[in-house]
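Working notes for the structure below.
It should be emphasised that the depicted structure is a prediction, and the values quoted were computed from it without experimental measurement. Note that these values count all heavy atoms, side chains included, but never hydrogens, waters or copies made by symmetry.
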Amino acid sequence: MEGDPTQENVRVLAHSPGKYPILVVELPSGELRTAYFETDYDLGRTKPVERDWLRDNAIGRHSFVALDPPVEKPATSLADYVRSELLEES
């Protein structure tokens, strides 16, 4: 990843359903990454994915929820976003 994406906003494009959501985020560079509950959505511990994978696999086969429009959040607040918006915890 170029620069330090943890200091910038990312766009959340989709998330998996369930108790431990996986996020598909777009970095400022345009690169797509999956971020995981188990890593507290640490961008340093993500996996790169392609747009075709997002469309065909994540949304097409695994019931990920596409966000339209995408949600823009600071990279450091992804865990807070999941807790407050997806898991509805205070």
Side-chain angles (χ1 to χ4, degrees):
M1 292 183 287
E2 54 187 54
D4 184 3
T6 63
Q7 300 303 313
E8 300 186 32
N9 284 352
V10 297
R11 292 176 2 127
V12 180
L13 303 180
H15 65 83
S16 66
K19 188 174 179 180
Y20 305 106
I22 298 168
L23 301 180
V24 179
V25 298
E26 180 179 37
L27 303 180
S29 66
E31 182 180 11
L32 298 188
R33 295 276 181 151
T34 53
Y36 301 92
F37 180 88
E38 295 82 3
T39 66
D40 207 28
Y41 303 100
D42 176 358
L43 291 186
R45 298 174 68 188
T46 60
K47 293 185 181 176
V49 296
E50 300 294 327
R51 290 191 189 277
D52 288 345
W53 176 88
L54 173 61
R55 183 188 67 241
D56 298 340
N57 256 345
I59 294 170
R61 292 186 188 140
H62 298 291
S63 302
F64 275 54
V65 177
L67 301 177
D68 188 21
V71 174
E72 189 163 325
K73 292 287 177 186
T76 55
S77 72
L78 291 175
D80 293 334
Y81 164 72
V82 168
R83 282 190 294 275
S84 67
E85 299 295 323
L86 302 182
L87 300 178
E88 298 179 6
E89 294 177 9
S90 300

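Using a 4.5 Å heavy-atom threshold, the side chains of Tyr81 and Pro74 count as separate. No side-chain heavy atom of Pro70 sits under 4.5 Å from any side-chain heavy atom of Val12. Taking the side chain as every heavy atom from C-beta outward, Glu31 and Pro48 approach each other to under 4.5 Å.
Expressed to the nearest 0.5 Å, how far CG of Leu78 lies from NE2 of His15 amounts to 12.5 Å. Rounding to the nearest 0.5 angstrom, the gap separating the CG atom in Asp42 from the OG1 atom in Thr76 is 11.0 Å. The line from CD of Glu72 to CD of Glu26 is 9.5 Å long, rounded to the nearest 0.5 Å. Here CZ of Phe64 is found 8.5 Å from CD1 of Ile59. Values are rounded to the nearest 0.5 Å. A distance of 12.5 Å separates CZ of Arg45 from OG1 of Thr34, quoted to the nearest 0.5 Å. Atom CZ of Arg61 and atom CH2 of Trp53 lie 11.0 Å apart (nearest 0.5 Å).
Gly18 and Leu87 get closest at one heavy-atom pair: O-CD2, 3.8 Å. Residues Phe37 and Lys19 share a closest heavy-atom pair of CE1-O, 4.3 Å. Listed here is the closest heavy atom pair of Ala66 and Ala14: CA-CB, 4.0 Å.
Note on Val25: it clusters hydrophobically with Val82, by side-chain heavy-atom contacts below 4.5 Å among ILVMFWY residues. Residues Val10 and Val71 fall within the same hydrophobic cluster, defined by Ile, Leu, Val, Met, Phe, Trp and Tyr side chains chained together at heavy-atom separations under 4.5 Å.
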Residues Asn57, Val49; criterion side chain to side chain contact (heavy atoms under 4.5 Å, CB included); working and verdict:
CA-CA 10 Å; Asn57 256 345; Val49 296; over 6 Å; no

Please step through side chain to side chain contact (heavy atoms under 4.5 Å, CB included) for the pair Arg51 and Leu13, ending with a clear verdict.
CA-CA 10 Å; Arg51 290 191 189 277; Leu13 303 180; 3.9 Å; yes

Side chain to side chain contact (heavy atoms under 4.5 Å, CB included) between Lys47 and Tyr36: does it pass, once the steps are laid out?
CA-CA 9 Å; Lys47 293 185 181 176; Tyr36 301 92; 3.6 Å; yes

Given side chain to side chain contact (heavy atoms under 4.5 Å, CB included), test Leu86 with Leu23 step by step and report yes or no.
CA-CA 11 Å; Leu86 302 182; Leu23 301 180; 4.0 Å; yes

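Side-chain contact annotation: Thr46 with Arg33, donor-acceptor N/O pair under 3.5 Å present.
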